[in-house]
There are 2 protein chains.
Amino acid sequence: MTIGQLIKQLRENAGMKQRELAAKLEIGEGFLSKVENDQKLIKRDDLTKISQLFNTKLSELETLWLANKIYNVIKYESNAIDALHVAEEEISYLTKQKK
Amino acid sequence: MTIGQLIKQLRENAGMKQRELAAKLEIGEGFLSKVENDQKLIKRDDLTKISQLFNTKLSELETLWLANKIYNVIKYESNAIDALHVAEEEISYLTKQKK
DNA sequence: ATTACTTGTCCTATTTTGGTCAAATATAAG
DNA sequence: CTTATATTTGACCAAAATAGGACAAGTAAT
């Protein structure tokens with residue numbers, strides 16, 4: 001599940017048209033369409049508004065949003081998976097903050 | 001192991017000073033110092049030169065370089081690990097290219 | 001025929017990249 | 001200690017890339 005797919009799902013489950021949601025987010029509907037199809041990434045600040053509108057957990061939105069950012073960095077890379085693992089090791093290492 | 005740590009290691013194992021390596025890469029030594037300490041990321045093109053200079057596998061350098069890029073995206077994020085996993089799923093999914 | 005959605009082209013303001021240089025610190029040598 | 005030599009750090013910068021969008025025209029669905 002990508003951030004775009006989730007936004008689309010939330011919107012449709014609420015029976016809302018793109019035009020409506022776009023208006024609430026103060027963006028054009030063309031842009032929202034691209035967001036829902038993961039061709040553009042929505043502004044991070046707008047996640048808050050979305051989480052309120054659809055009463056969904058902000059943290060879940062943020063995780064998918066961030067995943068999309070990561071994905072954009074590696075999508076054309078043949079060693080993407082290896083790099084992800086290395087990055088994960090580094091994060092884990094620092095997160096254990098051995099004083 | 002980060003890309004900076006590896007570059008430093010390769011250089012020291014070859015008994016080379018920062019000044020020398022910096023000259024071969026045509027960058028200042030201040031910049032190289034930052035690269036070795038992961039405060040700056042070296043240009044991707046320069047990885048080729050490094051792999052030739054120290055006779056090391058380019059793919060390994062590239063993986064660490066990419067890992068650093070990813071790391072920079074998520075380093076201050078509390079849900080970094082979750083996002084990494086989501087991104088990995090997306091890559092894996094697309095890599096299986098089910099026609 | 002409308003309404004809804006998608007897509008392509010274009011734009012500019014902000015951010016990031018890749019770097020310099022000088023000064024500050026370490027380290028080593030005499 | 002003193003002095004070279006090596007490395008690190010901070011402040012700054014131009015150029016390149018990206019973010020975040022608008023808008024019009026094209027498709028799809030109703």
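Heavy-atom basis, side chains included; hydrogens, waters and symmetry copies ignored.
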Donor-acceptor pair, side chain of B:Trp65 and main chain of B:Glu60, under 3.5 angstrom = no

note = Taken in chain and number order and not counting sequence neighbours, the residues that satisfy side-chain contact (heavy atoms from CB on, under 4.5 Å) with B:Thr48 are B:Gln52, B:Leu58

message = Is any side-chain heavy atom of A:Glu62 closer than 4.5 Å to one of A:Lys57?
response = no

Whichever of B:Glu29 and A:Glu29 has its nearest DNA chain D nucleotide further upstream toward 5' = B:Glu29

key: Hphob cluster co-occupancy, A:Leu64 + B:Tyr76, side-chain heavy atoms under 4.5 angstrom   = no

message = Keeping A:Glu20 on the side-chain end and A:Lys17 on the backbone end, is there a donor-acceptor pair under 3.5 Å?
response = yes

remark   = To the nearest 0.5 Å, atom CD of A:Glu90 lies from atom NZ of B:Lys75 at 11.0 Å

ask   = Quick one: CG on A:Leu32 to NZ on A:Lys40, what's the gap to the nearest 0.5 Å?
value = 13.5 Å

query = Are the side chain of B:Asn37 and the backbone N or O of B:Ser33 linked by a donor-acceptor pair below 3.5 Å?
reply = yes

key: Estimated bend of the helix from C:dA1-D:dT30 to C:dG30-D:dC1 (axis per five terminal pairs, rounded to 10 degrees)   = 40°

request  = Measure from CD1 on B:Ile27 to P on C:dT17 and round the result to the nearest Å.
outcome  = 16 Å

remark   = Atom CZ of B:Arg44 and atom P of C:dT17 are separated, to the nearest Å, by 13 Å

message = Using side chain to side chain donor-acceptor pair (under 3.5 Å), reason through A:Thr2 and A:Asp38 one step at a time and then give a plain yes or no.
response = CA-CA 8 Å; A:Thr2 69; A:Asp38 295 303; 2.5 Å; yes

query = Quick one, which residues of residues 5-23 of chain B touch DNA chain D with a heavy atom under 4.0 Å?
reply = B:Lys8, B:Arg11, B:Lys17, B:Gln18, B:Arg19

For atom CG of B:Leu25 and atom P of C:dG19, their distance in whole Å = 9 Å

ask   = Whole-Å distance between C:dT20 P and B:Lys40 NZ?
value = 11 Å

query = How does protein contact run along nucleotides 21-30 of chain C, one letter per nucleotide 5' to 3', with B for base contact, S for sugar-phosphate only, - for none, heavy atoms under 4.0 Å?
reply = ----------

key: Any residue of residues 60-84 of chain A with a heavy atom less than 4.0 Å from an atom of DNA chain D   = A:Lys69

key: Side chain proximity check, B:Ile50 to B:Ile42, heavy atoms < 4.5 angstrom   = yes

request  = Give the C-alpha distance, both sets of side-chain angles, the deciding distance and a yes or no for side-chain contact (heavy atoms from CB on, under 4.5 Å) between B:His85 and A:Glu88.
outcome  = CA-CA 9 Å; B:His85 286 101; A:Glu88 185 170 349; 3.3 Å; yes

inquiry  = Using a 6.0 Å cut-off, check whether atom CZ of B:Arg44 has over 12 heavy atoms from anything other than its own residue.
reply    = yes

inquiry  = Using a strict threshold of under 4.0 Å (side-chain N to carboxylate O), is an ion pair present between B:Arg11 and B:Glu36?
reply    = yes

task = Determine the contact category for A:Leu32: base if any of its heavy atoms lies under 4.0 Å from a base atom, sugar-phosphate if only primed atoms, P, OP1 or OP2 are that close, otherwise nothing.
result = nothing

message = Do A:Ile7 and A:Val35 have side chains that approach each other closer than 4.5 Å (heavy atoms only, starting at C-beta)?
response = yes

key: Residues, nucleotides or ligands: over 12 heavy atoms within 6.0 Å of B:Asn55 CG   = no

note = d(B:Lys43 NZ, B:Leu25 CG) to nearest 0.5 Å is 9.5 Å

request  = Write down the distance between CD (A:Glu36) and C1' (C:dC5), rounded to a whole number of angstrom.
outcome  = 9 Å

ask   = Between which nucleotides of DNA chain D, 5' to 3', does chain A make heavy-atom contacts below 4.0 Å?
value = D:dA19 to D:dA22

